[in-house]
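For reference, the structure is listed below as structure tokens.
Keep in mind it's a predicted model, so treat the numbers as computed, not measured.
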Amino acid sequence: INVNVGGEEKQKQIEPVEIFLAREREVVERGRPDEFFPIITDVTQSVDSVIQDVMRGVSPHFKDWVEVDTMSSLPQSQKNIAAGAGQRRPLGRVALFLNYPGVYAQIDQALQRLFHANVMAGDKYNIFVVGSVAGGTGSGTLIDVLTIVRKILMANRRTQVSLTAFVVLPSAFQNQAAIRDKSNLRPNSYAALRELDRFQLTHASTRPTLIRYGTRVNDIEWITKSLA
């Protein structure tokens, strides 16, 4: 996520703020811990606990969208969500939901740094959310990250804002030898863009949709098509 102030001269005067949300544990461990905020901090966390909670009926924020049968059938090695989403969108989203307060706080901290900069009244904030929709994490959390950003903007009464999402499509990874199995890249991208298109076409201000990020009242969001 990149945040700056509009206008070329303003961008020279005020340093932009950037935050990198990392899903895969190895990215953080390879020498760039100060740049990346890990969405999952508990390396022992498994999707098994989420499945059990849904089956017991104690996780209302998961029960509306987690497919218990599909997740239960995954090999145990793929249920360790700290190791990566493995191009599985639900696992990427589970990771964000499990650490929603931490992700929210990290994005809020980045935005607050800019809000408290020496900005003239009437200046416009430019916020860019950049990521891929081909893998499991970016594809599974695109709408959620945009929702978090907008919630923080509303809480701080920031209306002079341009919120833009730049998404990388699967063609960018076709020649990446490190990605052995590319079978889910296109389906993930299609699913993420289809969801975004549905929000744009369906959920106007008079027809919001409900997303629960936790069990607290503050974790409930009614969102509309004005995500970006």
Measure the [atom1]-[atom2] distance between [X] and [Y] for me, rounded to the nearest 0.5 Å.
{"X": "Leu146", "Y": "Lys151", "atom1": "CG", "atom2": "NZ", "result": "15.0 Å"}
{"X": "Gln87", "Y": "Lys182", "atom1": "CD", "atom2": "NZ", "result": "9.0 Å"}
{"X": "Thr141", "Y": "Leu96", "atom1": "OG1", "atom2": "CG", "result": "6.0 Å"}
{"X": "Phe62", "Y": "Glu67", "atom1": "CZ", "atom2": "CD", "result": "14.5 Å"}
{"X": "Leu98", "Y": "His61", "atom1": "CG", "atom2": "NE2", "result": "7.0 Å"}
{"X": "Ile152", "Y": "Leu111", "atom1": "CD1", "atom2": "CG", "result": "5.0 Å"}

Holding to side-chain contact (heavy atoms from CB on, under 4.5 Å), I want the full list of residues that pass it with [X], two or more places apart in sequence or in another chain.
{"X": "Ser162", "value": "Lys124, Asn126, Thr164"}
{"X": "Arg158", "value": "Phe115, Tyr125, Leu153, Asn156, Val161"}
{"X": "Pro60", "value": "Lys63, Arg212, Thr215"}

Non-neighbouring partners of [X] that pass side chain to side chain donor-acceptor pair (under 3.5 Å), sequence neighbours left out:
{"X": "Ser183", "value": "Asp181"}
{"X": "Asn175", "value": "none"}
{"X": "Gln76", "value": "Asp48"}
{"X": "Asp144", "value": "Arg93, Tyr213"}

When clusters are formed by joining ILVMFWY residues with side-chain heavy atoms under 4.5 Å apart, either directly or through shared neighbours, do [X] and [Y] land in the same one?
{"X": "Leu142", "Y": "Val94", "result": "yes"}
{"X": "Val145", "Y": "Val168", "result": "no"}
{"X": "Met154", "Y": "Ile127", "result": "no"}
{"X": "Leu163", "Y": "Val103", "result": "yes"}

Self-check item: Side-chain donor/acceptor of Ser139 to backbone N/O of Gly136, under 3.5 Å
Solution: no
Exercise. Show the numbers, then the answer: is there a side chain to side chain contact (heavy atoms under 4.5 Å, CB included) between Leu193 and Leu169?
Key: CA-CA 10 Å; Leu193 296 178; Leu169 297 176; 3.9 Å; yes
Practice problem: Identify the two heavy atoms, one from Pro170 and one from Leu185, that lie closest to each other, and give their separation to 0.1 Å. | Solution: CB-CB, 3.7 Å
Quiz item: Is there a side-chain contact between Tyr104 and Val149, using heavy atoms and a 4.5 Å cut-off?
Solution: no
Quiz item: Can you find a heavy atom in the side chain of Ile211 that is under 4.5 Å from one in the side chain of Asp64?
Solution: no
Quiz prompt | Residue pairs fulfilling salt bridge (charged side-chain N to carboxylate O under 4.0 Å, His left out) with at least one residue in residues 183-195, sequence neighbours excluded | solution = Arg89-Glu195
Side-chain polar contacts of residues 51-58 - donor-acceptor pairs under 3.5 angstrom, sequence neighbours left out - could you list them?
| unit_1 | atom_1 | unit_2 | atom_2 | d |
| --- | --- | --- | --- | --- |
| Asp53 | OD1 | Arg56 | NH1 | 3.0 |

Quiz item: Can you pull the ring pair (Phe, Tyr, Trp, His ring centres under 6.0 Å) pairs that have at least one residue in residues 138-176, sequence neighbours excluded?
Solution: Phe128-Phe166
Quiz item: Does Gln112 CD have over 12 foreign heavy atoms under 6.0 Å away?
Solution: yes
Quiz item: Given the rule in the side chain to side chain contact (heavy atoms under 4.5 Å, CB included) test, do Val133 and Asn188 qualify, once you have shown the distances and angles that lead to the verdict?
Solution: CA-CA 6 Å; Val133 291; Asn188 284 342; over 6 Å; no
Exercise. Could you identify which residues cluster with Tyr190, counting Ile, Leu, Val, Met, Phe, Trp and Tyr as linked when any side-chain heavy atoms lie under 4.5 Å apart, either directly or through a chain of such contacts?
Key: none
